[in-house]
Amino acid sequence: TFRNQMYDQYKANRPPPPEDLVPQFPLIRTATRAFSIPCIEEAGLEADDIIACYCTAAKLAGWKVTIVSSDKDLMQLVDGDIDMLDTMNDRRIGVDQVIEKFGVPPEKVGDVLALMGDSVDNVPGVPGIGPKTATLLIQQFGDLETVLASTDQITKPKLRQSLIDHAADARLSRELVRL
């Protein structure tokens, strides 16, 4: 995908899909089309990006949108017109639930993810910054760029130095998680 072109280690830790699953992909496409459900794929894009595009288009057309997923990356799309349905836990995820999970509103989730990184997708983030610290920094400074521009105000020397040393990784991570 375009993310692999930006960062060749993106999703490098993920194992390949199970051997018995791979032959099922064409069958799933065929079955989907047989039920007159569009099967939408685009080279270079991930499903999350396609979902984000469709959500944006639907919202611009005045629709209310529900994303059926519990994927934390998709939570950055949630707003008054877009919510999520987590079928595994039978719950709706709206703005309040995103704030409950991340401590910031949906439009700031990408900044939190950029600071903390993501080991599943191999997004580097900033070493030593986990979810709590990332949330506190975004709550205090507002966004990633302001955090990076305000390192002189950070009192913990190790945290300050890590932000200075890994600012480029944080900016790269912000682009990797952007939908």
Side-chain angles (χ1 to χ4, degrees), residues 1-30 32-33 37-60 65 67-79 82 84 93 98 101-102 104-131 133-135 137-138 141-151 159 161-179:
T1 68
F2 70 93
R3 288 182 180 85
N4 296 101
Q5 293 170 357
M6 289 172 40
Y7 182 57
D8 65 353
Q9 294 300 303
Y10 180 70
K11 292 193 177 183
N13 297 339
R14 280 203 180 173
E19 282 185 37
D20 59 341
L21 181 63
V22 175
Q24 295 178 46
F25 292 151
L27 300 173
I28 293 167
R29 290 179 183 101
T30 301
T32 300
R33 290 182 181 111
I37 300 171
C39 184
I40 302 164
E41 299 177 83
E42 182 67 38
L45 293 179
E46 296 181 54
D48 290 359
D49 298 305
I50 294 171
I51 291 167
C53 290
Y54 274 88
C55 285
T56 301
K59 184 177 165 179
L60 289 172
V65 177
I67 302 167
V68 181
S69 176
S70 59
D71 185 333
K72 71 182 182 316
D73 295 331
L74 292 170
M75 290 183 187
Q76 56 191 307
L77 300 173
V78 171
D79 64 17
I82 301 171
M84 295 174 64
I93 300 169
V98 174
K101 177 172 179 59
F102 285 99
V104 297
E107 65 271 14
K108 303 290 183 181
V109 168
D111 294 308
V112 170
L113 294 173
L115 285 166
M116 64 186 244
D118 184 347
S119 59
V120 173
D121 289 344
N122 205 33
V123 173
V126 177
I129 295 183
T133 302
T135 296
L137 287 169
I138 298 305
F141 295 103
D143 61 41
L144 176 65
E145 283 305 321
T146 306
V147 169
L148 297 175
S150 305
T151 53
L159 175 59
Q161 197 59 50
S162 193
L163 284 163
I164 291 167
D165 292 346
H166 298 279
D169 289 336
R171 287 184 178 103
L172 170 65
S173 296
R174 183 64 185 96
E175 292 310 308
L176 291 171
V177 300
R178 186 180 311 280
L179 298 180

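These figures come from a predicted structure and were not determined experimentally. Index from 1, following the sequence. Every heavy atom of this structure was used, including side-chain atoms; hydrogens, water molecules and symmetry mates were not.
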Checklist entry - Can you find a heavy atom in the side chain of Asp49 that is under 4.5 Å from one in the side chain of Glu46? => result yes
Checklist entry - How long is the gap from CD1 on Ile82 to CD1 on Ile93, to the nearest 0.5 Å? => result 13.5 Å
Item to check | Between SG on residue Cys55 and CG on residue Leu77, distance to nearest 0.5 Å | outcome: 5.5 Å
Item to check | Partners meeting side chain to side chain donor-acceptor pair (under 3.5 Å) with Thr1 (sequence neighbours left out) | outcome: Asn4
Next on the checklist: On a heavy-atom basis, which atom in Pro106 and which in Met75 lie closest, and how many Å separate them?
Outcome noted: CB-O, 3.3 Å
Next on the checklist: If I take atom CG from residue Asn122 and atom NZ from residue Lys11, how far apart are they, to the nearest 0.5 angstrom?
Outcome noted: 11.0 Å
Checklist entry - Quick check: does any side chain N or O of Thr32 sit under 3.5 Å from a backbone N or O of Ile37, one acting as donor and the other as acceptor? => result no
Next on the checklist: Less than 4.5 Å apart, side chain to side chain, heavy atoms only: is that true for Phe102 and Ile138?
Outcome noted: no
Donor-acceptor pairs under 3.5 Å, side chain of residues 19-27 to any protein atom, not counting sequence neighbours: which ones?
from  : atom 1 : to    : atom 2 : distance (Å)
Gln24 : NE2    : Asp20 : O      : 2.8

Item to check | Lys108 side chain to Gly142 backbone, donor-acceptor under 3.5 Å | outcome: yes
Checklist entry - Could you go step by step and tell me if Arg14 and Asp121 meet the side-chain contact (heavy atoms from CB on, under 4.5 Å) rule? => result CA-CA 7 Å; Arg14 280 203 180 173; Asp121 289 344; 2.7 Å; yes
Checklist entry - Where do Leu179 and Ala52 come nearest, in terms of heavy atoms and distance? => result CB-CB, 3.8 Å
Item to check | Heavy-atom closest pair, residues Arg3 and Leu176 | outcome: NE-O, 2.6 Å
Next on the checklist: Please report the interatomic distance CD1(Ile129) to CG(Leu159), rounded to the nearest 0.5 Å.
Outcome noted: 5.0 Å
Item to check | Other residues, nucleotides, ligands: >12 heavy atoms within 6.0 Å of Lys72 NZ | outcome: yes
Checklist entry - Once you round to the nearest 0.5 Å, how far does CG of Asp73 lie from CG of Asp118? => result 6.0 Å
Item to check | Donor-acceptor contact present, side-chain Ser150 to main-chain Thr146, <3.5 Å | outcome: yes
Next on the checklist: Using every non-hydrogen atom in the two residues, find where Val147 and Leu137 come nearest and quote the distance to one decimal.
Outcome noted: CG2-O, 3.7 Å
Checklist outcome for this item: Here the pair of heavy atoms bringing Phe2 nearest to Leu45 is CE2-CD2, 3.8 Å
Checklist outcome for this item: The residue among Val65, Ile67, Val98 that forms side-chain contact (heavy atoms from CB on, under 4.5 Å) with Val78 is Val98
Item to check | Worked check of side-chain contact (heavy atoms from CB on, under 4.5 Å) between Leu115 and Leu163 | outcome: CA-CA 9 Å; Leu115 285 166; Leu163 284 163; 3.8 Å; yes
Checklist entry - Side-chain contact, heavy-atom cut-off 4.5 Å: Val104 with Asp111? => result no
Next on the checklist: If the condition is side chain to side chain donor-acceptor pair (under 3.5 Å), which residues does Lys59 pass it with, not counting sequence neighbours?
Outcome noted: Asp79
Checklist outcome for this item: In this structure, SG of Cys39 is separated from CZ of Arg29 (nearest 0.5 Å) by 6.0 Å
Item to check | Contact summary for Leu148 and Thr151, nearest pair of heavy atoms | outcome: O-CG2, 3.6 Å
Checklist entry - Would a 4.5 Å heavy-atom cut-off, applied to side chains only, mark Leu113 and Met116 as touching? => result yes
